[in-house]
Amino acid sequence: MISVLFVILLLGSAGCVGWFGRVAVPTDHVGIVRRRIGRSDPNPVFNKIAPNNTRGIQARTLLPDRFTWLMPGVYTVEFVPRVHIPAGRIGLVRAKEGRGRPANRPIATHVECDNFQDGQRFLLAGGEQGQQVATLAGDQSYRINTKLFSVEIVPRTYVPPGTIGLVEARAGKVRPPDQPFGRFVECNSFQDGHAFLSGGGEQGKQLAILGGGTHYDINTALFHVITVDNVSASLEDLTADHLKEISIPVGETGVVIALDGAEPERTGAGTVAPRVPGHRSFRLPWVFLDQGGQRGVQEETLGEGTVYALNPWLVRVMLIPTRLLILKWTNKSDSESVNYDAALEQIAVNVQGHRLHVEMSQNLQIPREAAPKLVSRFGGTQTSGIGGLVHDRLPVQRFVRDVLGATVAGYFSGIATASTVREFLREYDDTRTLLTDKVRAALDSWGVQALSTTLGDFEPEDPSLYAAFKNKFDSEMHGEKLEVDLTNAGLEDRIDAIRVAAEKRRTGMELEAEINALGRDNVAMIRIVREFSKMQVPDYIGGGDVSGYVQALPMGALRDLLGRLRQLRTEHQLSPDAAPRLTKGEPESEQVEEGHPMS
């Protein structure tokens with residue numbers, strides 16, 4: 001009977017123990033176990049959090065929605081909510097227990113532990129105290145032992161569209177003192193801190209940048225990211241403009257100045273660093289440096305109409321116009337003082353003590369390949385060590401002043417010294433031509449294209465002097481015109497004399513041939529008849545009486561003619577049949593018709 005009762009009591013006690021030792025963790029919670037009775041862990045690292053089921057808080061946790069049996073009185077369980085990371089945020093984890101880490105390493109080494117949900121594995125694998133390199137992604141929940149780990153929820157890193165993010169590493173190797181940037185390590189845009197550290201990542205400024213319009217899961221305890229949203233708090237001279245993508249307008253080219261790189265082979269004004277391959281227009285700056293890229297002005301330029309995401313810690317871009325430039329030598333207003341021709345004032349020429357003003361314009365174009373040399377030679381206003389896009393007109397303004405302006409000023413100074421007012425005015429057209437040649441030669445030496453040179457009319461400071469110049473000039477020109485006319489008149493007289501002599505010889509030869517053929521008297525008679533035929537007589541005389549026709553003739557000439565004809569007929573007895581015919585082709589007015597009475 002006693003034995004039966006003992007068994008019943010024993011079974012009842014076992015049932016009570018079994019019932020009270022059962023643990024059920026609620027949904028969305030984890031159970032943190034503490035062992036109250038037992039030996040301590042011999043490893044002092046685990047004196048608070050026990051990975052080996054020794055006395056103290058256990059590293060392992062109890063999962064929800066399942067039953068677990070623990071010895072009543074030996075263990076106690078605390079239910080805590082799971083750690084939830086909202087969307088758009090990440091979790092930064094800090095280990096409260098673990099091995100100690102070196103003082104020079106602010107970030108603990110990475111230990112694979114299922115996103116910190118396996119505390120036992122974390123401790124046994126050598127997990128270190130302090131800030132962890134891995135992060136917890138957003139929009140998820142995690143079964144984390146909050147006695148071992150604390151989680152700070154922070155926003156994801158966002159870089160706005162059209163801008164870039166600059167990165168500084170707060171942990172990693174110490175870089176050499178002559179190296180301004182940490183060496184590049186592939187780490188998924190700084191989202192994989194473990195890859196960065198294990199790959200030899202170095203502290204300080206990084207060459208890689210973060211592109212705009214994207215969120216990044218970046219451990220801000222390991223990396224400091226500078227964006228347009230927090231740039232004002234930067235200790236450097238960075239501004240929001242430095243973090244904008246670089247857009248090259250149409251009609252311009254971007255001249256790149258590398259702020260780091262190998263020592264240039266040549267130094268001095270006009271030095272341009274040669275191209276190096278593979279860096280995709282400076283978008284991969286670590287490739288540029290690894291390929292031996294030199295610091296300073298680069299031969300490779302950035303093309304128009306393109307957008308570039310570049311690291312302003314490494315490169316500076318200066319815009320140089322490649323479009324048509326129209327430069328004018330005129331008196332400038334205050335609003336024109338920023339133009340490329342700001343230094344070109346109206347040209348003043350002093351000729352024999354008289355001051356003349358001339359306006360001039362020059363069209364030119366700077367080819368893309370000539371722009372780096374201009375920047376290297378004529379510099380700019382930027383003095384800080386930060387790059388980015390620079391809107392600086394000074395290099396072109398200096399080129400226009402020191403090359404183009406000096407060439408024009410020197411040319412006019414030379415001709416003004418060697419010319420009189422008369423010579424200056426007379427040779428002004430030649431001045432335009434020679435000036436165009438000199439300007440073209442000066443620009444060609446810099447690879448700049450001279451398109452057209454326009455030189456206006458001179459204008460004296462004293463208006464009355466202009467009238468005097470003009471009158472003197474007109475008088476001189478009129479005198480010269482008269483001299484030309486006189487010379488031409490003499491030439492015309494000589495030409496007329498030659499023509500008269502030629503006509504005389506021709507007429508004499510014709511007369512001599514006619515006399516030889518007909519005889520002197522017959523020729524004389526024929527010529528008289530010819531002259532008679534040219535006389536002006538009325539075409540019609542009314543009344544039918546020929547006496548009227550005779551009365552209309554010049555009587556003196558008719559009487560002489562008839563007398564001459566009688567004499568010739570008596571002396572030579574010319575008959576109609578004996579009269580020679582003129583050669584074929586003579587005008588009918590010069591022929592004597594057969595049968596015409598000679599008396």
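Owing to the predicted nature of the structure, the values given are computational and were not obtained by experimental measurement.
- For the atom pair L486 CG and L491 CG, the distance stands at 9.5 Å (nearest 0.5 Å).
- A donor-acceptor distance shorter than 3.5 angstrom exists from the side chain of S198 to the backbone of H194, with no hydrogens or angles considered.
- Scanning all heavy atoms of the two residues, the minimum distance from V185 to A195 falls at CG1-O, 3.6 Å.
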Which donor-acceptor pairs under 3.5 Å do side chains of residues 394-403 form with protein atoms, sequence neighbours excluded?
from	atom 1	to	atom 2	distance (Å)
Q397	NE2	V338	O	3.2
Q397	NE2	N339	O	2.8
R398	NH1	F378	O	2.7

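- Considering only heavy atoms from C-beta on, I386 comes within 4.5 Å of L238 through its side chain.
- Counting heavy atoms from C-beta on, the side chains of Q206 and F184 never come closer than 4.5 Å.
- Summarising the geometry of P372 relative to V297, their closest heavy-atom pair is O-CG1, 3.4 Å, with the distance given to 0.1 Å.
- Between the side chain of N230 and the backbone N or O of T227, at least one donor-acceptor pair lies under 3.5 Å.
- Applying the side-chain hydrogen bond (donor to acceptor under 3.5 Å, both in side chains) test to K438 and every residue at least two apart in sequence or in another chain returns nothing.
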* **Trace of the side-chain hydrogen bond (donor to acceptor under 3.5 Å, both in side chains) decision for T453 with Q362** => CA-CA 5 Å; T453 304; Q362 176 65 50; 2.4 Å; yes
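- Residues L451 and L324 meet the side-chain proximity criterion, which asks for heavy atoms closer than 4.5 Å.
- Applying side-chain contact (heavy atoms from CB on, under 4.5 Å) to M360 and the options T330, T454, L455 leaves one that passes, L455.
- To the nearest 0.5 Å, the span separating CG on L289 from CD on Q294 amounts to 11.5 Å.
- Shown here are the side-chain hydrogen bond (donor to acceptor under 3.5 Å, both in side chains) partners of D485, two or more places apart in sequence or in another chain: K481.
- The side-chain hydrogen bond (donor to acceptor under 3.5 Å, both in side chains) search around D392 returns T381, not counting sequence neighbours.
- With sequence neighbours excluded, the residues satisfying salt bridge (Lys or Arg N to Asp or Glu O under 4.0 Å) with K244 are D241.
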* **Step-by-step side chain to side chain contact (heavy atoms under 4.5 Å, CB included) determination, I347 to V349** => CA-CA 7 Å; I347 300 170; V349 184; 4.0 Å; yes
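- Under the 4.0 Å criterion applied to side-chain N and carboxylate O atoms, E345 and K332 are not assigned as salt-bridge partners.
- Side-chain contact between V315 and P285 is absent, with no heavy-atom pair separated by less than 4.5 Å.
- The minimum heavy-atom distance between I218 and I90, with the atom names listed, is O-CD1, 3.2 Å.
- Residues passing the side-chain hydrogen bond (donor to acceptor under 3.5 Å, both in side chains) test with R283, sequence neighbours excluded: none.
- The distance from atom OG of S361 to atom CG of L327, rounded to the nearest 0.5 Å, is 9.0 Å.
- The closest side-chain heavy-atom distance from Q346 to V358 is not below 4.5 Å.
- R432 contributes atom CZ, which lies 9.5 Å from atom OG1 of T436 (distance to the nearest 0.5 angstrom).
- Listed by first then second residue, pairs satisfying side chain to side chain donor-acceptor pair (under 3.5 Å) with a partner in residues 439-450 number zero, not counting sequence neighbours.
- Applying the ring-ring contact (aromatic ring centres under 6.0 Å, His included) test to residues at least two apart or on different chains, the pairs with a partner in residues 204-235 are Y158-H215, F190-F223, F196-F223.
- Residues V231 and L243 have side chains in contact (heavy-atom distance under 4.5 Å, counting atoms from C-beta outward).
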* What's the verdict on side chain to side chain contact (heavy atoms under 4.5 Å, CB included) for W329 and H357, showing C-alpha distance, side-chain angles and the deciding distance? -> CA-CA 10 Å; W329 281 256; H357 293 285; over 6 Å; no
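- Take R156 and apply the salt bridge (Lys or Arg N to Asp or Glu O under 4.0 Å) test, not counting sequence neighbours, and it matches D217.
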I'd like a table of donor-acceptor pairs (distance under 3.5 Å, sequence neighbours excluded) in which one partner is a side-chain atom from residues 299-310, with atom names and distances.
from	atom 1	to	atom 2	distance (Å)
E300	OE1	H279	NE2	3.4
T301	OG1	T253	OG1	3.4
T301	OG1	R368	NE	2.7
E304	OE1	G251	N	2.6
T306	OG1	E304	O	3.4
Y308	OH	G303	N	3.2

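- Expressed to the nearest 0.5 Å, how far CG of L443 lies from OG1 of T407 amounts to 7.0 Å.
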* When you look at N363 and S452, which way does the side-chain hydrogen bond (donor to acceptor under 3.5 Å, both in side chains) test go after all the steps? -> CA-CA 5 Å; N363 294 357; S452 65; 3.2 Å; yes
Check: residues 161-176 side-chain donor-acceptor pairs under 3.5 Å, at least two apart:
from	atom 1	to	atom 2	distance (Å)
T163	OG1	P160	O	2.6
R170	NH1	T220	O	2.4
R175	NE	Q179	O	2.7
R175	NH1	Q203	O	2.9

* To do: Determine, step by step, whether L259 and R316 satisfy the side chain to side chain contact (heavy atoms under 4.5 Å, CB included) criterion, reporting the C-alpha distance in whole Å, the side-chain angles of both residues, the deciding distance to 0.1 Å, and the verdict.
  => CA-CA 7 Å; L259 305 179; R316 179 181 303 143; 3.9 Å; yes
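- Remark: K328 NZ is loosely packed, at most 12 non-hydrogen atoms of other residues, nucleotides or ligands lying under 6.0 Å away.
- Applying the salt bridge (Lys or Arg N to Asp or Glu O under 4.0 Å) rule to E483 yields no partners; only residues at least two apart in sequence or on another chain are considered.
- Heavy-atom minimum distance, P312 versus G388: CB-N, 3.6 Å.
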* **Evaluation steps, side chain to side chain contact (heavy atoms under 4.5 Å, CB included), between L197 and I107** => CA-CA 9 Å; L197 294 177; I107 302 293; 4.3 Å; yes
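- Taking each heavy atom of A371 and V255 in turn, the nearest pair found is CB-CG2, 3.6 Å.
- Residues D260 and R295 have side chains not in contact (no heavy-atom distance under 4.5 Å, counting atoms from C-beta outward).
- A 4.5 Å side-chain heavy-atom check between L404 and V448 finds every atom pair outside the cut-off.
- Across every non-hydrogen atom of R183 and G199, the tightest pair is NH1-O, 2.8 Å.
- In terms of modelled atom types and a separation under 3.5 Å, the side chain of E512 and the main chain of M509 share no donor-acceptor contact.
- More than 12 heavy atoms of other residues, nucleotides or ligands sit less than 6.0 Å from atom CZ of R506.
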